[in-house]
Amino acid sequence: DKIRVTVWNEYRHEKTHEAVAKIYPEGIHGQIAKFLSANPDMVVRTATLDEPEHGLTEEVLAQTDVLIWWGHMAHGQVQDAVVDRVQQRVLNGMGLIVLHSGHFSKIFKRLMGTNCSLRWREIGERERLWVVNPGHPIVQGLGEYFEIPHVEMYGEFFDIPQPDDLVFISWFQGGEVFRSGCCWHRGKGKVFYFRPGHETLPIFYHETVQKVITNAVRW
Ligand code: ZN
């Protein structure tokens, strides 16, 4: 009865950008799978864009309770047939966690039905993520807020449908705010969007970021 997690990554930046490979030598998916695997209640596999059917065959999805999605430069290369399949699996009850630049992935836009656009700035400023739903399982064990010292800023307006549950609002040093932790229900499935990420910053080594993703898998 372990939670079966599949971590999906387009896995392109790590192969082409030395700075990214230095931070994530086993890929962003490798790092996420690594910290999740430390939980005895989870069994974790990975899948990437260049595998046949992007590693997301009917069989893999049937054996996945929670799919984590990381993409940035190759959203357009994800086959529509695979997007259809993932969407159906969500509607049938799979959880989907979309990270950072995954806001522009085909699967997220499909499930949201909106443009999912936002504003952004990359100067390594500070982010404070305020917990605005302290009873929610995703923020279990967190304080009133947590901070990440150097991030890429994402700002409003974030073109998403009103979340069923909003759990984080971010403040940035430059003055912007952002709905950085959002939950939706789609069919029998649940979708969580979590903002932190970025391939040139060690965000997925941040202890609280790891805790939120771990909580989200259990939610
Ligand atoms: Zn980014």
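Computation of the quantities below employed the complete heavy-atom set of this structure, encompassing side-chain atoms and omitting hydrogens, waters and symmetry-equivalent molecules. Start at 1 and go down the list; that is how both ligands and their atoms are numbered.
- The shortest non-hydrogen separation linking Phe194 to Val212 is CZ-CG1, 3.5 Å.
- With waters left out, the protein N, O or S atoms under 2.8 Å from the Zn ion (ligand 1) add up to 3.
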Lys211/Glu207 under side-chain contact (heavy atoms from CB on, under 4.5 Å): CA gap, chis, key distance, verdict: CA-CA 6 Å; Lys211 188 172 181 57; Glu207 207 177 311; over 6 Å; no
Apply the test side-chain contact (heavy atoms from CB on, under 4.5 Å) to residues Met73 and Glu199: give CA-CA distance (whole Å), side-chain angles for both, the deciding distance (0.1 Å), then the verdict. CA-CA 11 Å; Met73 62 186 283; Glu199 61 283 355; over 6 Å; no
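- With Tyr154 as the aromatic partner, Arg195 meets the cation-pi criteria of under 6.0 angstrom to the ring centre and within 45 degrees of the ring axis.
- Looking at Trp70 and His13, their side chains come closer than 4.5 Å, going by heavy atoms from C-beta outward.
- Asp65 and Lys2 are not joined by a salt bridge, as no carboxylate oxygen comes within less than 4.0 angstrom of a charged side-chain nitrogen.
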